[in-house]
Amino acid sequence: MSRKPIVAGNWKLNKTIKEAIDLVTQLKRLISGTQNVEVVVCPPYTALGEVSEVLMESGIHTGAQDLFWEEKGAFTGEVSATLIKEAGARFVIVGHSERRQFFQETDETVNKKTRAALAGGLTPIVCVGETLSQREGGKTFAVVGAQVKGAFAGFSADQMGRLVVAYEPVWAIGTGKVATPAQAQEAHGFIRKEVGKMFGDEVSGSLRIQYGGSVKPENIAELMREPDIDGALVGGASLEAAGFADIVKNAGIAALK
Ligand code: 13P
């Protein structure tokens, strides 16, 4: 089953509107002509509209970093799928470990947000991953398995077929300590198997699973060579156009395996 690789940049709380426009203007030039990788950048909400405009018809997509599940109403500070889509985005990250850690997100809120994103016509990138103590305690599969079950509980195969999963081991995020290809593959294979149990082989076989955690131009190719790794969710290395472009290009070359 062929899965088009997807590389997304999660800018987190970085970049003014001007900096964001500069970055994507360069990026557009650097990766023009890249065809076998889907590319997404996820700026802060404030820059989403302008960045989407710069990238219009470039083939590079935009995404938000979070959303709220309600459509509208008295929810101060929140943003809905409709507003994100109106700003020009096609994707939205859901359940990033930083949101789970600092903003009390749970598998239940991840489930509601993912449903809302799909209902609003966005492609959710749903994040799962264990902490260092969970890994060291031998709980990786239990934790990631519970996150997958919780995030997608009650979903139809059609819904599951319209999203992307990102495996981001928390101990690899922003630490420079990338998971080995074997460690990442083991987790990705596990996630695909769990999704297969819930939704069948056809859905799990076409599900794209990104790896995230200290991805750099130097390590993307070896990760991408693993059979169940279908791209990357990149933090720090997506903040600079040349480095992110190299990740996209190297992912594309490795995908021609
Ligand atoms: P780093 O690439 O900075 O480790 O961040 C990964 C991440 O959290 C992407 O969502």
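What's counted below: heavy atoms across the whole structure, side chains too, no hydrogens, waters or symmetry copies. Start at 1 and go down the list; that is how both ligands and their atoms are numbered.
Proximity to Gly236 (heavy-atom distance under 4.0 Å) selects the following atoms of ligand 1: 1 (P), 2 (O), 3 (O). Counting the atoms of ligand 1 from 1 in the order shown, those under 4.0 Å from a heavy atom of Ala172 are 4 (O). Numbered from 1 in the order shown, with element, the atoms of ligand 1 that lie under 4.0 Å from a heavy atom of Gly213 read 4 (O), 6 (C). Atoms of ligand 1 found under 4.0 Å from any heavy atom of Asn10, numbered from 1 in the order shown, are 9 (C), 10 (O).
Nearest to atom 9 (C) of ligand 1 by heavy-atom distance, out of Glu168, Lys177, Gln65, is Glu168. Of the listed residues (Pro169, Gly235, Gly174, Gly176), the one carrying the non-hydrogen atom nearest atom 4 (O) of ligand 1 is Gly174.
When only modelled atom types and interatomic distance are considered, Asp228 and Gln185 share a side-chain donor-acceptor pair under 3.5 Å. In this model, no donor atom of one side chain and acceptor atom of the other lie less than 3.5 Å apart for Glu136 and Ser133. No hydrogens or angles considered: a donor-acceptor pair under 3.5 Å links the side chains of Glu130 and Tyr167.
Considering both main-chain and side-chain atoms, Lys12 comes within under 3.5 Å of ligand 1 through a nitrogen or oxygen pair. Below 3.5 Å of separation, one finds no N or O of Leu233 facing any N or O of ligand 1.
Proximity of Ala237 to ligand 1 is not established, as no heavy-atom distance is less than 4.0 Å.
Checking Leu163, Leu122, Thr123 one by one against Phe91, the side-chain contact (heavy atoms from CB on, under 4.5 Å) holds for a single residue, Thr123.
Residue pairs meeting the side chain to side chain donor-acceptor pair (under 3.5 Å) criterion with at least one partner in residues 63-74, sequence neighbours excluded, are Asp66-Arg99, Asp66-Lys113, Glu71-Thr82. Judged as a side chain to side chain donor-acceptor pair (under 3.5 Å), the pairs with a partner in residues 36-46 (not counting sequence neighbours) are, in order, Glu38-Arg208.
Residues Val215 and Leu23 fall within the same hydrophobic cluster, defined by Ile, Leu, Val, Met, Phe, Trp and Tyr side chains chained together at heavy-atom separations under 4.5 Å.
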